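I have placed the structure first, in the form of structure tokens, so that the comments after it can refer back to it.
Because the structure is a prediction, the values reported are computed rather than measured. The figures here come from the full heavy-atom set of this structure, side chains too, leaving out hydrogens, waters and symmetry mates. Residue numbers start from 1 in every chain, and the chains themselves are labelled A, B, ... in the order their sequence lines are given, proteins ahead of strands.
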2 protein chains.
Amino acid sequence: MLLLGAASALVDGINEGVRARGFTDMRPAHGFAFVRLAPDGATVVELAEHLGVTKQAASQMADELVRKGYVERRPHPTDARARLLTLTGRGWACTRAADEAASEVLLPWADALGPDRLATVRTALSTLAVPGRIRPTW
Amino acid sequence: MLLLGAASALVDGINEGVRARGFTDMRPAHGFAFVRLAPDGATVVELAEHLGVTKQAASQMADELVRKGYVERRPHPTDARARLLTLTGRGWACTRAADEAASEVLLPWADALGPDRLATVRTALSTLAVPGRIRPTW
DNA sequence: CCCATGTAGTCAAGCTGCTTGACCAAATAG
DNA sequence: CTATTTGGTCAAGCAGCTTGACTACATGGG
């Protein structure tokens with residue numbers, strides 16, 4: 001289906017842009033994690049739910065991101081068992097790079113389309129998409 | 001991105017429909033393979049190119065599909081090295097089931113949208129999607 | 001006609017990202 | 001104060017892919 005092709009092209013394009021900006025050790029999956037971590041941080045379990053994987057998988061991804069310097073594990077303010085994962089400066093820089101890359105990919109597309117048809121596409125897609133479903137690994 | 005959510009929902013929906021029709025041992029990736037095999041069959045290498053994986057990976061997927069009875073390995077009519085992978089009766093039945101499932105998922109969506117806006121969405125997506133790119137494994 | 005190079009396919013080994021299962025420590029309910 | 005739930009980790013295993021090496025057939029130039 002061409003919906004899939006478009007989605008792939010989009011993800012590839014953004015990933016390409018992120019790498020071009022110097023973050024060569026990032027995969028698209030990391031970007032999906034950043035979406036959840038960006039506002040106020042999250043626990044491993046919350047991250048796991050957001051990504052649709054087990055908490056072990058999320059934990060080991062967190063390990064990787066900590067090792068690479070994008071994420072910190074801080075003590076949770078109210079729960080001594082939990083740890084709050086938050087973005088480091090480098091993590092935020094990468095998030096900004098991803099936003100830039102995304103605009104870069106979408107801008108010419110939105111331009112060619114015009115605001116009206118763009119809105120049509122957006123609403124059309126949002127009726128099909130169930131909220132929060134981001135499981136790219138088939 | 002909500003484009004991804006829509007793509008995921010679509011794939012999941014179709015896969016669900018296929019399973020509901022009795023083909024419980026199928027993954028979405030198999031469907032992508034069928035797209036290439038359906039018209040006249042294909043060799044392992046052609047399948048590999050279509051899926052964007054190595055020929056070894058394609059070959060072992062072919063093994064699986066043969067084992068499950070969806071695909072046959074026949075001698076290639078003009079090249080004694082090659083083997084032509086073709087769908088069996090069961091393979092065609094599964095293809096038909098997938099088509100039905102796809103319409104089932106898309107029909108209410110297309111209905112709600114109307115032909116005009118549907119066409120808009122289609123053309124919009126096709127400008128973004130590069131041809132033949134179907135690599136769902138990020 | 002024959003050899004050199006290219007191509008289709010398989011075998012084998014290894015890696016990566018995920019899973020299931022078991023467990024500990026802190027939180028929470030009774 | 002115990003019993004259960006919840007956040008997190010450790011360990012082992014698996015699925016789907018990769019790279020590398022090899023065989024059998026194809027093909028083009030001498």
Open item on the list: Let me spell it out: for each of M61(A) and L84(B), pick the nucleotide of DNA chain C with the closest heavy atom. Which residue's pick is nearer the 5' end?
Closed with: L84(B)
Open item on the list: Regarding T54(A), tell me which of base, sugar-phosphate or nothing describes its non-hydrogen contacts under 4.0 Å with the strands shown.
Closed with: base
Task: Integer-rounded Å distance: dC25(D) P and R83(B) CZ - done: 11 Å
Open item on the list: Under 4.5 Å between side-chain heavy atoms, counting indirect links through other Ile/Leu/Val/Met/Phe/Trp/Tyr residues: same cluster for V45(A) and F34(A) or not?
Closed with: no
- [ ] Send over the distance from H50(B) NE2 to dA8(C) P, rounded to a whole Å.
- [x] 17 Å
- [ ] Please check if atom CZ in R90(B) has more than 12 non-hydrogen atoms from other residues, nucleotides or ligands closer than 6.0 Å.
- [x] yes
Task: L47(A) CG to dT6(D) P, straight-line distance once rounded to whole Å - done: 19 Å
Task: Short side-chain N/O contact from T43(B) to OP1 or OP2 of dG9(C), under 4.0 Å - done: yes
Open item on the list: Just the rounded figure in Å: distance from C1' of dG16(D) to CE of M26(B).
Closed with: 16 Å
- [ ] Can you figure out which of dG8(D), dG6(C), dA27(C) approaches the side chain of R73(A) most closely?
- [x] dG8(D)
Task: Nucleotide nearest R27(B) when distance is taken to its side chain, options dG16(D), dA26(C), dG8(D) - done: dG16(D)
TODO: With the side chain of Q60(A) defined as its heavy atoms from C-beta on, choose the nearest nucleotide among dG8(D), dA26(C), dT19(C).
DONE: dT19(C)
TODO: Step by step, work out the salt bridge (charged side-chain N to carboxylate O under 4.0 Å, His left out) result for E100(A) and R96(A).
DONE: CA-CA 6 Å; E100(A) 286 174 27; R96(A) 263 178 273 120; over 6 Å; no
Task: Spacing between K55(A) atom NZ and dG21(C) atom C1', to the nearest angstrom - done: 11 Å
- [ ] Please figure out whether Q56(B) or D79(A) has its closest DNA chain D nucleotide nearer the 5' end.
- [x] D79(A)
TODO: For dG8(D), take OP1 and OP2 only and decide whether either is under 4.0 Å from a side-chain N or O of S59(A).
DONE: no
Open item on the list: At 4.0 Å (heavy atoms only), tell me whether A57(B) reaches a base, stays on the sugar-phosphate, or touches nothing.
Closed with: base
Open item on the list: Taking the basic N atoms (NZ, or NE/NH1/NH2) and the acidic carboxylate oxygens, is any pair closer than 4.0 Å for E72(B) and R83(B)?
Closed with: no
Task: Of the listed nucleotides dG16(D), dG9(C), dG7(D), the one nearest the side chain of V44(B) - done: dG9(C)
Task: D63(B) CG - dT10(C) P separation (whole Å) - done: 7 Å
- [ ] Identify whether L47(A) and L84(A) are in the same connected component of the hydrophobic contact network (ILVMFWY, side-chain heavy atoms under 4.5 Å).
- [x] no
Open item on the list: Whole angstroms only, please: what is the NE2-P distance between H76(A) and dT9(D)?
Closed with: 13 Å
TODO: Calculate the interatomic distance between R74(A) atom CZ and dG7(D) atom C1'; express it in whole Å.
DONE: 19 Å
